[in-house]
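Only heavy atoms go into these numbers, but all of them, side chains included; no hydrogens, no water, no symmetry mates. Since we're looking at a predicted model, the values are computed, not measured.
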Amino acid sequence: MNSIEQTRRIDALDYLRGFALIGIILVNILALLSVQMPEPHTANAAYQKWLYVFVETRFFSIFSFLFGVGFYIFLSRAISKGKNGYVLFIRRIIALFIFGCIHHIFQPGEALAVYAICGLLVMPFYKVKKEINLIVGLVLLITFAILSMKELMSFPYILLGLAAGQYRIFEKLSEQKRLINKFTFVMFLLSVVGLTYQYMQSPLRPFYGMILEGTDDLNVIQTNKFLKIGIMIGPIVSAFYVGLVIILVRGGMIAKLLSPIKNLGRMALSNYIMQTTLILLANVVLHLNYKITYLETLYLCLIILVLQLIYSTIWLRFFKFGPLEWIWRMVTYLKRMPLRKVK
């Protein structure tokens with residue numbers, strides 16, 4: 001694999017991580033600030049529906065998949081350098097779990113601790129044939145999606161990310177342009193069908209963003225159906241998003257325009273936790289809990305994302321890693337790592 005392909009592979013993953021972070025904050029802020037239930041037939045109600053059609057369950061799945069890809073890359077590179085990749089990975093997972101436990105205190109819906117647990121569960125699959133990992137991952141994902149078991153879907157996404165690493169998909173992007181184009185087009189058509197069907201099942205009134213069983217309230221029953229369809233078609237929509245981003249960032253002007261998103265993704269761990277920090281800080285200053293509306297969460301997220309895009313771009317001009325990525329790396333290798341770039 002030449003150096004150019006290596007750079008492209010890393011760039012594609014960073015763009016995808018940054019793209020995933022943009023969607024994740026739009027959903028996470030709702031619970032963090034206990035957003036107001038919107039009034040019917042308002043812009044807030046329309047935005048709520050848009051979130052649950054195009055964003056909810058779509059971006060955490062990409063983040064989970066990328067964790068699996070990163071797991072394979074880290075382990076395979078460590079082993080190829082003659083290091084004990086399994087010991088390094090376990091240290092890495094323990095550090096991630098600690099990050100996650102601390103983050104969970106402030107953000108109960110956080111994903112890092114879950115990823116750490118899933119990482120340990122997926123580790124034995126590293127030596128399993130890629131075809132088996134692909135089949136097992138798809139079967140589990142389809143099963144959990146059909147049963148609306150959203151909480152369990154991280155594992156098959158991570159396993160599929162591992163399989164993608166084994167197939168070296170991100171190392172061969174330039175060789176698979178036609179295949180990626182076809183895949184993205186098929187996922188687009190399926191997404192249009194699925195999203196149209198989900199939208200047609202939208203509840204008439206605003207709703208709580210969770211499945212509530214054991215009720216005869218017609219709006220709740222319709223909401224349950226709406227949310228379950230969203231979970232079921234989530235993998236298809238996420239796959240389309242991934243394909244679309246890969247196509248857009250192949251090179252040229254679009255890739256350059258979107259380069260701040262790549263920087264956001266290069267510091268994914270730092271920025272993920274920073275999003276929670278900035279949201280909670282805004283709440284302390286502005287007293288937003290139970291008062292903020294859906295559209296106001298969008299405006300706050302856009303402000304935070306702009307700040308993160310600027311901060312990440314400036315930071316990476318002077319430093320090799322994000323601040324938490326640097327700590328994570330030192331814990332993994334048990335030695336001090338240089339942070340500043342050498343001019």
Side-chain angles (χ1 to χ4, degrees), residues 16 19-32 34-38 40-66 108-111 114 137-158 160 184 186-215 217-245 294-295 297-298 301:
L16 285 168
F19 179 68
L21 283 172
I22 292 172
I24 285 171
I25 189 176
L26 296 178
V27 174
N28 283 351
I29 193 173
L30 304 180
L32 279 170
S34 303
V35 64
Q36 284 183 6
M37 178 73 77
H41 313 297
T42 62
N44 282 297
Y47 176 61
Q48 182 194 42
K49 191 175 297 185
W50 179 87
L51 270 180
Y52 282 89
V53 171
F54 294 103
V55 181
E56 167 66 10
T57 77
R58 318 310 189 210
F59 290 84
F60 96 91
S61 54
I62 298 175
F63 216 47
S64 303
F65 172 78
L66 294 173
E110 77 92 38
V114 175
L138 286 174
V139 169
L140 288 176
L141 182 61
I142 293 170
T143 301
F144 293 157
I146 291 174
L147 297 176
S148 302
M149 301 173 74
K150 183 174 69 172
E151 295 79 9
L152 299 180
M153 291 173 71
S154 290
F155 178 79
Y157 276 125
I158 292 171
L160 288 172
T184 305
V186 171
M187 291 300 107
F188 168 72
L189 294 179
L190 293 175
S191 295
V192 169
V193 174
L195 291 172
T196 301
Y197 178 64
Q198 183 190 7
Y199 183 80
M200 291 171 63
Q201 305 303 317
S202 300
L204 296 177
R205 302 194 308 274
F207 51 89
Y208 290 103
M210 61 182 70
I211 297 172
L212 302 171
E213 303 290 1
T215 177
D217 185 295
L218 294 180
N219 198 67
V220 173
I221 293 172
Q222 191 62 36
T223 298
N224 289 346
K225 184 176 182 180
F226 172 74
L227 295 176
K228 287 178 179 180
I229 294 170
I231 294 171
M232 186 170 61
I233 67 172
I236 296 171
V237 180
S238 298
F240 164 63
Y241 287 168
V242 169
L244 180 62
V245 171
Y294 266 84
L295 277 176
T297 66
L298 173 62
C301 286

Counting C-beta onward and ignoring hydrogens, is there a side-chain heavy-atom pair between [X] and [Y] closer than 4.5 Å?
| X | Y | answer |
| --- | --- | --- |
| Ile62 | Val245 | no |
| Phe60 | Ser154 | yes |
| Phe63 | Leu21 | yes |
| Phe59 | Ile22 | no |
| Lys150 | Glu56 | yes |
| Phe207 | Gln48 | yes |
| Phe188 | Ser191 | no |
| Met37 | Tyr208 | yes |

Practice task
Given ring-ring contact (aromatic ring centres under 6.0 Å, His included), test Tyr157 with Phe65 step by step and report yes or no.
Solution key: CA-CA 5 Å; Tyr157 276 125; Phe65 172 78; 7.8 Å; no

Exercise for the section: Please step through side chain to side chain contact (heavy atoms under 4.5 Å, CB included) for the pair Val242 and Thr184, ending with a clear verdict. Expected result: CA-CA 8 Å; Val242 169; Thr184 305; over 6 Å; no

Handout entry: Whether Trp50 and Phe54 hold their rings parallel, tilted or perpendicular, with breakpoints at 30° and 60°
Key =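 Plane angle between 30° and 60°, so tilted.
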
Exercise for the section: Fit a plane to each ring of Tyr294 and Tyr47, take the angle between them on a 0 to 90° scale, and name the class: parallel (under 30°), tilted (30 to 60°) or perpendicular (over 60°). Expected result: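 Tyr294 and Tyr47: perpendicular rings.
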
Report the distance from atom [atom1] of [X] to atom [atom2] of [Y], rounding to the nearest 0.5 Å.
| X | Y | atom1 | atom2 | result |
| --- | --- | --- | --- | --- |
| Leu212 | Asn219 | CG | CG | 11.0 Å |
| Tyr241 | Phe19 | OH | CZ | 6.5 Å |
| Met232 | Ile142 | CE | CD1 | 11.5 Å |
| Leu66 | Ser61 | CG | OG | 9.5 Å |
| Leu147 | Leu152 | CG | CG | 9.5 Å |
| Thr143 | Met153 | OG1 | CE | 10.5 Å |

Please find the pair of heavy atoms, one from [X] and one from [Y], that lie closest to each other, and give the distance.
| X | Y | value |
| --- | --- | --- |
| Val192 | Thr196 | O-OG1, 2.6 Å |
| Lys49 | Pro203 | NZ-O, 4.0 Å |
| Pro235 | Leu141 | CB-CD2, 3.8 Å |
| Leu160 | Leu138 | CD2-N, 3.7 Å |
| Ser238 | Thr57 | OG-O, 4.0 Å |

Give a yes or no answer on whether the side chain of [X] reaches the backbone of [Y] with a donor-acceptor pair at less than 3.5 Å.
| X | Y | value |
| --- | --- | --- |
| Gln201 | Gln222 | no |
| Arg205 | His41 | no |
| Asn44 | Leu295 | yes |
| Arg58 | Ile24 | no |

Practice task
Please step through side chain to side chain contact (heavy atoms under 4.5 Å, CB included) for the pair Val237 and Leu195, ending with a clear verdict.
Solution key: CA-CA 8 Å; Val237 180; Leu195 291 172; 3.9 Å; yes

Exercise for the section: Please check if atom CD1 in Ile221 has more than 12 non-hydrogen atoms from other residues, nucleotides or ligands closer than 6.0 Å. Expected result: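 Atom CD1 in Ile221 is packed in, count exceeds 12.
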
Practice task
Please say which of Ile233, Ile231, Val193 ends up in a side chain to side chain contact (heavy atoms under 4.5 Å, CB included) with Gln198.
Solution key: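 Of all the options given, the one that passes is Ile233.
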
